[in-house]
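Throughout, protein chains are lettered first and strands after them, A, B, ... in sequence-line order, and every chain is numbered starting at 1.
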Number of protein chains: 2
Amino acid sequence: MIPKNVTIQDVARVAGVSTATVSRTLSQPDVVNESTRKRVSEAVSVTGYRLNRAARNLRTQRAHSVLVLLPDLANPFFSEILKGISRVLSQSGYSMLIASTKQVHDSGERLFDYLDDARADGMIILDGGLDADVIAMLESARQTSRILFACEWVEGADFPTVRCENRQGAREAVNHLHSLGHRKIAHVTGPAGNVLMHARKDAFVAQMASLDLPLKPEWLITGDFSIAAGCAAAQTWIAMEDRPTAVFCASDQLALAFIAELSRHAFTVPDDVSVMGFDDIDFAEQFIPSLTSIRQDRLRIGETAAQMLMDRINAPTDTTEETTTVVPVSLVVRDSTAPPKH
Amino acid sequence: MIPKNVTIQDVARVAGVSTATVSRTLSQPDVVNESTRKRVSEAVSVTGYRLNRAARNLRTQRAHSVLVLLPDLANPFFSEILKGISRVLSQSGYSMLIASTKQVHDSGERLFDYLDDARADGMIILDGGLDADVIAMLESARQTSRILFACEWVEGADFPTVRCENRQGAREAVNHLHSLGHRKIAHVTGPAGNVLMHARKDAFVAQMASLDLPLKPEWLITGDFSIAAGCAAAQTWIAMEDRPTAVFCASDQLALAFIAELSRHAFTVPDDVSVMGFDDIDFAEQFIPSLTSIRQDRLRIGETAAQMLMDRINAPTDTTEETTTVVPVSLVVRDSTAPPKH
DNA sequence: CATTTTCTTGAAATCGATTACATAAATTGT
DNA sequence: ACAATTTATGTAATCGATTTCAAGAAAATG
């Protein structure tokens, strides 16, 4: 009942040629004579032949797939990026493997096993918070050029990176609030140690200074990108003597939680305080009030990262040059920011 | 500079045994003598040997990976499910490949190529809206037992399925609203033809009847699971002569968009109308007002699906029995529902 | 002590493609 | 017309594991 797998041998027999010719017809049609090409193509469709990828992968020493490593599979922030990555990969005939940092760790695998394994030809890492020893291992791995970071990165490590203009985003945020008339602006940061948190915070501080705006230390509220942190930050704001009239949150998730918590305490946005986020996640638009944010083109980040990786994988030699691609951000003004009321 | 790959041959040489013994030591340690086992283990760690998966996959005719097919990569609804799937797969040493229906279609691949290809040993499909011809092909594929559906399914097709208790969820929604005192309840449905839409709508209608509640035809508002449909439904509600006091939406995304649109027209939830959703996505809790919903345990759906697939893949014979596993739902009461005001 | 059974191990075939090399045929140049 | 190319194809090695079969050693049996 179960028909045996059709192999290249079967096709060769049917077409009356050798397997080498079949293989050539399929991968480099131009080197075979037109008449045989036609005969082979016919044999292929008659037999219903499908290339066995495991065999090809073994012979060519290529996995024809790429690993995407996420900090957390359940975080919707990444889905659009995956879409971009997947699109580019599938154009090149590559498959997308997905794993989360935590899972890899828990299962006792080591990250570069994926490369050593012949399971993946490269990896796109979306988690800048990898342990130092993991990074060290990756750097000493044989195929360093096939590892790249997207969105986040690791300070001091020489991996190619695709990221958005974090600093520019923070500057635009400050400028936007400033232009609305705000002078007292707070910043809820990302998690301590996170590279994005530093980039955004530093730029925030710098821009405040360059606009001659005051900045009390307590207006820098340390959070992380979680919902809980947004709620906590809201309580911090509520407890302040001299409340800032605007708050720039390091992520949309923070901002939305911040607003939600405020509303549970009968404060209204933007009447009592203007709030803005960073990322422009899908939900920002649907929230009430809709959220002013700094938009990251996540699709493009994903596509760019995948394309860079493809280029490196297909490059004849190990190109050692490190490359950083920066994707622009844009301000999206919605209802959560307004001029301050006096 | 680039050290050659360590193969099983190298290990065998170092340990002074044959490759067969090395292979046995690694995959069935109990059949080799303890002393040789020790010697081999040592050789493995000395050489830093890593199994080449491509080679194993070819020889064993297993890809050791599973394809997960999503309707849309960018939809956050699925992320938690992926987490569940990935967890179970990685425990079994399997990798998770991800693709979207649209992408597979656009790239000209056929779905079962993934199986024929030796790229995947099975697939979990999260999209019940596949074209009829795709379904027909899948049914006629050689390895039908290695295909299963999760969340959605295809009416009439005999694939094993994991789904949540859609009907029970709809009943609980009606009961909840009824117990708050609502008598006029509308339902915003999912997209026409969708199996979830039908299950939920039918159960809604039935439960309304069994509670002797009136149900005008216009109270069944056809939507889809999109944000736009939620907005449109809100406008439909606003335009009604005799407005229902409660609205049960077939998804959270619908419900949130519904509420957002109402608020743009100066209606308040739950004061003017109670609204509830289905799914309990992460955001339901953060919305203002927080959303009453029917919770699907997405993690568990993912885990169950993956486990079922693993069992089938590892089953000695092609078990043809169709199985449907139903995962319970639960009512989560939040702020978007309240007794009607008269 | 001969015979059977059980443990261990190795030699070699195998999975299904790709590709280096060889060879035969066709084309070109002089 | 003969040598030199070019073009098209086939032979066979190869990728790196797993597994069947056979065989020698050790243990158990009568």
* **Strand contacts (DNA chain C) in residues 42-67 of chain A, 4.0 angstrom heavy-atom criterion** =>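 Listed by number, they are A/Tyr49, A/Arg50, A/Leu51, A/Asn52, A/Ala55, A/Arg56, A/Arg59, A/Thr60.
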Please confirm whether the backbone N or O of [Y] pairs with a side-chain atom of [X], one donor and one acceptor, at under 3.5 Å?
X: A/Asp127; Y: A/Gly129; answer: yes
X: A/Thr101; Y: A/Leu70; answer: yes
X: B/Asp121; Y: B/His64; answer: yes

How long is the line joining [atom1] of [X] and [atom2] of [N], in whole Å?
X: A/Arg119; N: D/dG16; atom1: CZ; atom2: C1'; value: 16 Å
X: A/Leu26; N: C/dG16; atom1: CG; atom2: P; value: 16 Å
X: B/Asp117; N: C/dG16; atom1: CG; atom2: C1'; value: 13 Å
X: A/Ile8; N: D/dA12; atom1: CD1; atom2: P; value: 17 Å

* Validation row: B/Met123, B/Arg146 side chains within 4.5 angstrom (heavy atoms) -> no
So that I can tick it off, tell me whether [Y] and [X] are bridged by a salt bridge, with the cut-off set at under 4.0 angstrom between side-chain N and carboxylate O.
X: A/Arg50; Y: B/Asp113; answer: yes
X: B/Arg87; Y: A/Asp106; answer: no
X: B/Glu109; Y: B/Arg119; answer: yes

* Asked: For B/Thr325 and B/Arg163, what are the C-alpha separation, side-chain angles and deciding distance, and is it a side-chain contact (heavy atoms from CB on, under 4.5 Å)?
  -> CA-CA 6 Å; B/Thr325 303; B/Arg163 58 180 87 163; over 6 Å; no
* Asked: Run the salt bridge (charged side-chain N to carboxylate O under 4.0 Å, His left out) check on B/Asp72 and A/Lys83 step by step: do they pass?
  -> CA-CA 8 Å; B/Asp72 176 13; A/Lys83 191 174 184 171; 3.6 Å; yes
* Indicate for each nucleotide in nucleotides 5-11 of chain C, in 5' to 3' sequence, whether protein heavy atoms under 4.0 Å reach the base (B), only the sugar-phosphate (S), or nothing (-). => ---SBBB
* Within 45° of the axis and under 6.0 Å from the centre of the six-membered ring of A/Phe77, does NZ or CZ of A/Arg298 qualify? ->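 Judged by the rule, A/Arg298 and A/Phe77 form a cation-pi pair.
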* Asked: Considering the terminal five base pairs at each end of the helix from C/dC1-D/dG30 to C/dT30-D/dA1, what angle separates the two local helix axes, rounded to 10°?
  ->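 The angle, to the nearest 10 degrees, is 30°.
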